Amino acid sequence: MPTTVFAKILAGELPCQRLYETADLLAFLDVAPLSPGHTLLIPKEPAVTLDALSDHAAAALGAALPRLCRAICAATGANAYNILQNNGRAAHQEVLHVHFHIVPKFATAGLDLRWQTQPAPASAELAARIVARL
């Protein structure tokens with residue numbers, strides 16, 4: 001696992017505005033926010049992508065996300081938000097450590113994206129291949 005800015009934050013080598021911390025995870029304000037309250041949630045377990053995390057670390061992240069979303073919305077007055085999580089450089093992951101962005105959405109600030117849809121593949125056959133690997 002490469003040394004990342006998040007590893008340095010976890011090691012105490014870089015400061016951050018801590019919001020929530022447990023033995024398994026850390027949430028802190030983004031230093032380059034898309035909107036007020038833009039928060040990063042990271043596991044303390046080193047992993048580049050979500051599929052590389054242990055079930056324990058993934059469960060800790062999943063349990064913390066709703067609580068953080070409620071607190072961020074209440075504190076900022078946002079009534080909408082995005083959760084963004086990228087895996088791999090091709091998927092626009094910049095920091096190679098699992099992380100979730102919680103981005104409050106306001107009329108003039110927040111995440112702006114447009115889906116580029118495409119025709120659906122043979123769904124039954126694809127579903128069967130996925131199910132077989134579970």
Side-chain angles (χ1 to χ4, degrees):
M1 170 111 181
T3 300
T4 66
V5 65
F6 296 160
K8 291 178 181 181
I9 287 171
L10 289 171
E13 297 171 15
L14 290 175
C16 70
Q17 189 63 53
R18 292 170 188 259
L19 302 177
Y20 181 71
E21 186 170 12
T22 69
D24 299 311
L25 55 85
L26 174 65
F28 53 94
L29 291 176
D30 195 309
V31 296
L34 294 176
S35 63
H38 181 165
T39 298
L40 295 169
L41 174 63
I42 64 172
K44 291 183 176 178
E45 178 182 304
V48 174
T49 57
L50 190 61
D51 60 291
L53 277 179
S54 67
D55 289 347
H56 176 82
L61 291 166
L65 275 167
R67 183 178 189 179
L68 284 164
C69 292
R70 287 189 296 268
I72 291 164
C73 286
T76 63
N79 60 10
Y81 58 92
N82 294 96
I83 296 177
L84 178 66
Q85 202 279 321
N86 302 323
N87 294 278
R89 293 254 187 234
H92 309 287
Q93 184 179 9
E94 295 292 325
V95 179
L96 297 179
H97 184 116
V98 172
H99 59 286
F100 288 80
H101 294 262
I102 304 167
V103 185
K105 182 65 176 156
F106 301 95
T108 59
L111 186 63
D112 185 28
L113 61 96
R114 303 287 180 253
W115 294 102
Q116 294 180 1
T117 61
Q118 58 185 351
S123 298
E125 188 255 329
L126 177 58
R129 288 196 329 253
I130 294 169
V131 168
R133 284 159 179 82
L134 292 172

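We number each residue from 1, following the sequence as shown. Heavy atoms only: backbone and side chains are in, while hydrogens, waters and symmetry mates are out. Bear in mind that the values here come from a model prediction, so they are computed numbers and not experimental data.
Under the 4.5 Å side-chain heavy-atom criterion for Ile, Leu, Val, Met, Phe, Trp and Tyr, Val5 and Leu40 are members of the same hydrophobic cluster. Note on Val95: it clusters hydrophobically with Leu10, by side-chain heavy-atom contacts below 4.5 Å among ILVMFWY residues. Criterion: ILVMFWY side-chain heavy atoms under 4.5 Å apart, direct or through other members. Under it, Tyr20 and Leu14 are not part of a common hydrophobic cluster. Clustering ILVMFWY residues whenever any of their side-chain heavy atoms sit less than 4.5 angstrom apart, transitively, puts Val98 in the very cluster that holds Leu25.
Legend: residues meeting ring-ring contact (aromatic ring centres under 6.0 Å, His included) with Phe28, ordered by chain and number and at least two apart, are Phe6. Looking at residues two or more places apart in sequence or on another chain, you find a salt bridge (Lys or Arg N to Asp or Glu O under 4.0 Å) between Lys44 and Glu21.
Summarising the geometry of Gln85 relative to Asn87, their closest heavy-atom pair is OE1-ND2, 2.6 Å, with the distance given to 0.1 Å. Of all heavy-atom pairs between Arg18 and Leu26, the closest is NH1-CD1, 3.4 Å.
Checked by atom type and distance alone, the side chain of Ser35 pairs as donor or acceptor with a backbone atom of Pro104 at under 3.5 Å. The backbone N or O of Val48 lies less than 3.5 Å from a partner atom in the side chain of Gln93, making a donor-acceptor pair.
The structure places CG of Leu29 at 8.5 Å from SG of Cys16, a figure rounded to the nearest 0.5 Å. Between atom NE2 of residue His101 and atom CD1 of residue Ile42 there is a gap of 11.0 Å, rounded to the nearest 0.5 Å. For the atom pair CD1 (Ile102) and CZ (Arg70), the distance works out to 11.0 Å, reported to the nearest 0.5 Å. Atom CG of Asp30 is separated from atom CD of Gln17 by 12.5 Å, given to the nearest 0.5 angstrom. Here the straight-line distance linking atom NE2 of His56 with atom CG of Leu53 works out to 11.0 Å at 0.5 Å rounding. Interatomic distance, His38 NE2 to Lys105 NZ, rounded to the nearest 0.5 Å: 12.5 Å.
Each of Leu65, Thr39, Leu41 was evaluated against Ile83; a single residue qualifies, Leu65, per the side chain to side chain contact (heavy atoms under 4.5 Å, CB included) test.
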For this session: For the pair Leu68 and Tyr81, evaluate side-chain contact (heavy atoms from CB on, under 4.5 Å) and give the outcome as yes or no after the intermediate values.
Result: CA-CA 11 Å; Leu68 284 164; Tyr81 58 92; over 6 Å; no
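Between Asp24 and Thr22, the side chains place no donor N or O within less than 3.5 Å of an acceptor N or O (distance only, hydrogens not considered).
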